[in-house]
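Before any comments, here is the structure.
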Amino acid sequence: MVLTIVQRQEEESLGPIFASRYVQDPVPSPRLNLASFVTTWMEPECDKLIIEAINKNYADMDEYPITTEIQNRCVNIIARLFNSPVNEKESAVGVGTVGSSEAIMLAGLAFKRRWQNRRRAQGKPCDKPNIVTGANVQVCWEKFARYFEVEIKEVKLRDGFYVMDPVKAVEMVDECTICVAAILGSTLTGEFEDIKLLDDLLARKNMRTGWDTPIHVDAASGGFIAPFLYPELQWDFRLPLVKSINVSGHKFGLVYAGVGWVIWRNKEDLPEELIFHINYLGADQPTFTLNFSKGSSHIIAQYYQFLRLGYEGYKNVMKNCMESAKILRQGLVQIGCFHIISKEKGVPLVAFSFKDGKKSSAFKLSKILRRFGWIVPAYTLPPDVEHMTVLRVVVREDFGRAMVEKFLSHMKIALKELHSVMEAPIPTIRYTIELKPCEAAEDEALRPLPKVVVLSQEVEPVDRSIHLSGGKTKGVC
């Protein structure tokens with residue numbers, strides 16, 4: 001018996017094309033990780049301060065009372081930055097966390113408990129709470145919904161509009177909605193949602209229905225940007241329905257990974273039954289966290305940055321980041337093959353897609369850029385814009401103009417590499433073989449398999465473009 005078998009070469013066989021300039025990947029550098037919003041550089045003095053405080057447990061408030069005072073000062077500074085009301089009836093409260101994920105869990109728990117208490121007082125069922133948010137939310141919101149049994153109602157995105165639509169969000173609000181979660185700085189595109197419009201529309205619905213649905217602002221990325229670059233923008237406690245805000249100190253708060261903050265508008269917005277009091281560490285200590293022990297060094301580092309930079313210092317850092325993002329945007333536009341989907345007003349990042357719309361191109365380019373050391377994520381957008389694949393570059397404090405220009409030069413080389421790979425044929429090997437049966441055995445089950453004899457081998461080039469495929473990732477933070 002003579003058969004013909006066609007075998008395609010695996011993509012790895014094209015390794016020499018990808019690695020024509022580089023034999024192996026460079027040593028990873030945090031500063032070249034353009035996927036992350038998290039701070040990767042601080043002043044040497046702050047590095048030393050963090051090391052000196054590394055063995056201090058924040059939970060030991062009686063032993064380290066100054067650390068508690070430092071946290072309270074940070075909460076006070078951030079609350080004032082977010083325009084919290086200061087009067088006899090309202091006084092903001094807050095707590096430090098290990099990041100915005102924990103902060104969102106705590107804020108969500110507060111909303112859920114307040115909603116449950118209100119429903120019980122009205123004699124109504126309280127077993128099916130929900131939150132309304134956009135499909136562009138970070139994964140921590142999905143974690144909260146799943147871990148604490150809250151339905152998440154997502155406003156789908158659409159072409160040209162990659163954040164939550166306030167009109168559609170308010171339409172989805174019902175009597176079981178514990179809050180509407182708005183994002184100041186989308187993880188996917190960096191865009192600010194229209195929280196002022198959301199507040200206006202939701203206030204009208206509350207007045208019409210008699211409900212009291214509040215707003216939480218997820219300002220993990222934008223909370224340390226908007227107050228300095230867009231002070232006139234109303235997104236914070238100036239809006240009456242905004243009851244709590246979270247922000248990441250380890251993003252544009254300019255501290256290494258490990259610190260976040262959540263601020264409540266008023267003490268009444270944080271149910272007292274969620275706060276625990278312990279005395280076995282020396283004195284009565286109130287605590288409202290998901291964990292217990294944690295390091296003090298990042299809280300101290302946050303206070304250092306507040307004192308070191310001040311308002312003008314943070315403003316200058318954010319201006320520099322936006323200027324670098326502008327230069328990057330212009331460079332990518334000049335290359336000519338990209339469509340920029342991020343807005344100029346928002347978080348300093350550039351999100352872009354290929355004009356040809358091919359999903360595979362973005363994933364292949366991301367892989368090639370890694371050979372230069374750059375980590376640039378490629379990902380598909382959420383429903384209903386899953387057909388779009390986007391690359392994103394986050395511009396942090398340490399990504400200055402020199403690094404932008406270096407990145408653009410590597411981008412041009414990578415695009416040439418990508419073009420050569422897209423154009424290169426994938427070898428297809430056509431084998432002609434003969435199967436020679438073996439001698440029969442007494443037991444048919446023990447009969448050896450036929451011998452395979454290769455009669456000929458032929459290599460055929462095949463158009464590569466129809467065989468490329470890309471992976472799928474969820475947005476990264």
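The residues of the chain are indexed from 1 along the displayed sequence.
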**Q.** Cation-pi check, Arg308 onto Tyr304 ring (under 6.0 Å, within 45° of axis)
**A.**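 No; the conditions do not both hold, so Arg308 does not lie above the ring face of Tyr304.
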Q) Is the NZ or CZ atom of Lys315 both under 6.0 Å from the centre of the six-membered ring of Phe228 and within 45° of that ring's axis? A)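 No, a cation-pi geometry is absent between Lys315 and Phe228.
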Check whether more than 12 heavy atoms from other residues, nucleotides or ligands sit under 6.0 Å from atom [atom1] of [X], and answer yes or no.
X      : atom1 : answer
Glu344 : CD    : no
Glu149 : CD    : no
Lys326 : NZ    : no
Lys156 : NZ    : yes
Lys205 : NZ    : yes

Q) Relative to each other, are the rings of Phe148 and Phe144 parallel, tilted or perpendicular (30° and 60° limits)? A)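 Correct class here is tilted.
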Side chains of [X] and [Y] in contact at under 4.5 Å (non-hydrogen atoms):
X      : Y      : value
Leu188 : Tyr379 : yes
Asp218 : Val137 : no
Tyr314 : Phe306 : yes
Thr97  : Asn246 : no
Phe352 : Val393 : yes
Phe252 : Val347 : yes
Val95  : Val262 : yes
Cys337 : Lys355 : no

Regarding [X] and [Y], do their side chains bring together a donor and an acceptor under 3.5 Å, going by distance alone?
X      : Y      : result
Asp199 : Gln234 : no
Glu273 : Asn117 : yes
Asp398 : Thr40  : yes

Does [Y] offer a backbone N or O that forms a donor-acceptor pair with the side chain of [X] under 3.5 Å?
X      : Y      : result
Trp115 : Glu175 : yes
His216 : Ser244 : yes
Arg80  : Val86  : no
Glu193 : Met164 : yes
Glu191 : Ser186 : no
Arg329 : Lys343 : yes
Arg396 : Asn33  : yes
Ser297 : Ile54  : no
Lys56  : Tyr64  : no
Gln71  : Ile299 : no

Before accepting this row, confirm whether a basic side-chain N of the pair [X]/[Y] lies closer than 4.0 Å to the acidic partner's carboxylate O.
X      : Y      : value
Glu323 : Arg401 : no
Glu69  : Arg73  : yes
Asp200 : Lys196 : yes

Do you know the tightest heavy-atom contact between [X] and [Y]?
X      : Y      : value
Cys140 : Ser101 : CB-OG, 3.4 Å
Ala203 : Leu241 : N-CD1, 3.6 Å
Pro85  : Phe237 : CD-CB, 4.1 Å
Ala135 : Pro383 : CB-O, 3.6 Å
Ile300 : Ala53  : CD1-CB, 3.7 Å
Val394 : Leu349 : CA-CB, 3.9 Å

So, taking the atom named [atom1] in [X] and the one named [atom2] in [Y], what distance separates them when rounded to the nearest 0.5 Å?
X      : Y      : atom1 : atom2 : answer
Tyr256 : Met42  : OH    : CE    : 6.0 Å
His298 : Thr39  : NE2   : OG1   : 9.5 Å
Tyr311 : Asn316 : OH    : CG    : 11.0 Å
Lys243 : Leu270 : NZ    : CG    : 13.5 Å
Thr187 : Gln138 : OG1   : CD    : 5.0 Å
Lys359 : Glu386 : NZ    : CD    : 7.5 Å

Q: Quick one: do Lys364 and Lys367 satisfy side chain to side chain contact (heavy atoms under 4.5 Å, CB included)? Show the steps, please.
A: CA-CA 5 Å; Lys364 300 303 177 184; Lys367 289 181 180 179; 4.1 Å; yes
(Q) Quick one, Arg31 with Met403, criterion side chain to side chain contact (heavy atoms under 4.5 Å, CB included). Give me CA distance, side-chain angles, the key distance, then yes/no. (A) CA-CA 10 Å; Arg31 293 183 65 185; Met403 290 188 70; 3.7 Å; yes
**Q.** Set of residues satisfying side chain to side chain contact (heavy atoms under 4.5 Å, CB included) with respect to Asn57, sequence neighbours excluded
**A.** Ala59, Asp60, Ser293
Q.
Evaluate Val242 against Asp236 for side chain to side chain contact (heavy atoms under 4.5 Å, CB included), listing each step before the verdict.
A. CA-CA 7 Å; Val242 174; Asp236 49 21; 5.8 Å; no
Q.
Quick check on side chain to side chain contact (heavy atoms under 4.5 Å, CB included): which of Ser353, Ser361, Pro377, Ser366 does Leu391 satisfy it with?
A. Ser366
Q.
Testing Val167, Val132, Val180 one by one against Leu198 for a side chain to side chain contact (heavy atoms under 4.5 Å, CB included), which residue passes?
A. Val180
(Q) Before you tell me yes or no, could you show the steps for Phe407 and Leu34 under side chain to side chain contact (heavy atoms under 4.5 Å, CB included), namely the whole-Å CA-CA distance, both residues' side-chain angles and the distance that decides it to 0.1 Å? (A) CA-CA 10 Å; Phe407 172 77; Leu34 307 183; 3.8 Å; yes
**Q.** ring pair (Phe, Tyr, Trp, His ring centres under 6.0 Å) evaluation trace for Phe82 with Trp261
**A.** CA-CA 12 Å; Phe82 294 166; Trp261 305 92; over 10 Å; no
**Q.** By ring-ring contact (aromatic ring centres under 6.0 Å, His included) - contacts of Phe354 (at least two apart)
**A.**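 For Phe354 the ring-ring contact (aromatic ring centres under 6.0 Å, His included) partners, ignoring immediate neighbours, are Phe338.
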Q) Please, which pairs that meet ring-ring contact (aromatic ring centres under 6.0 Å, His included) have at least one residue in residues 171-211, sequence neighbours excluded? A) Phe192-Tyr230
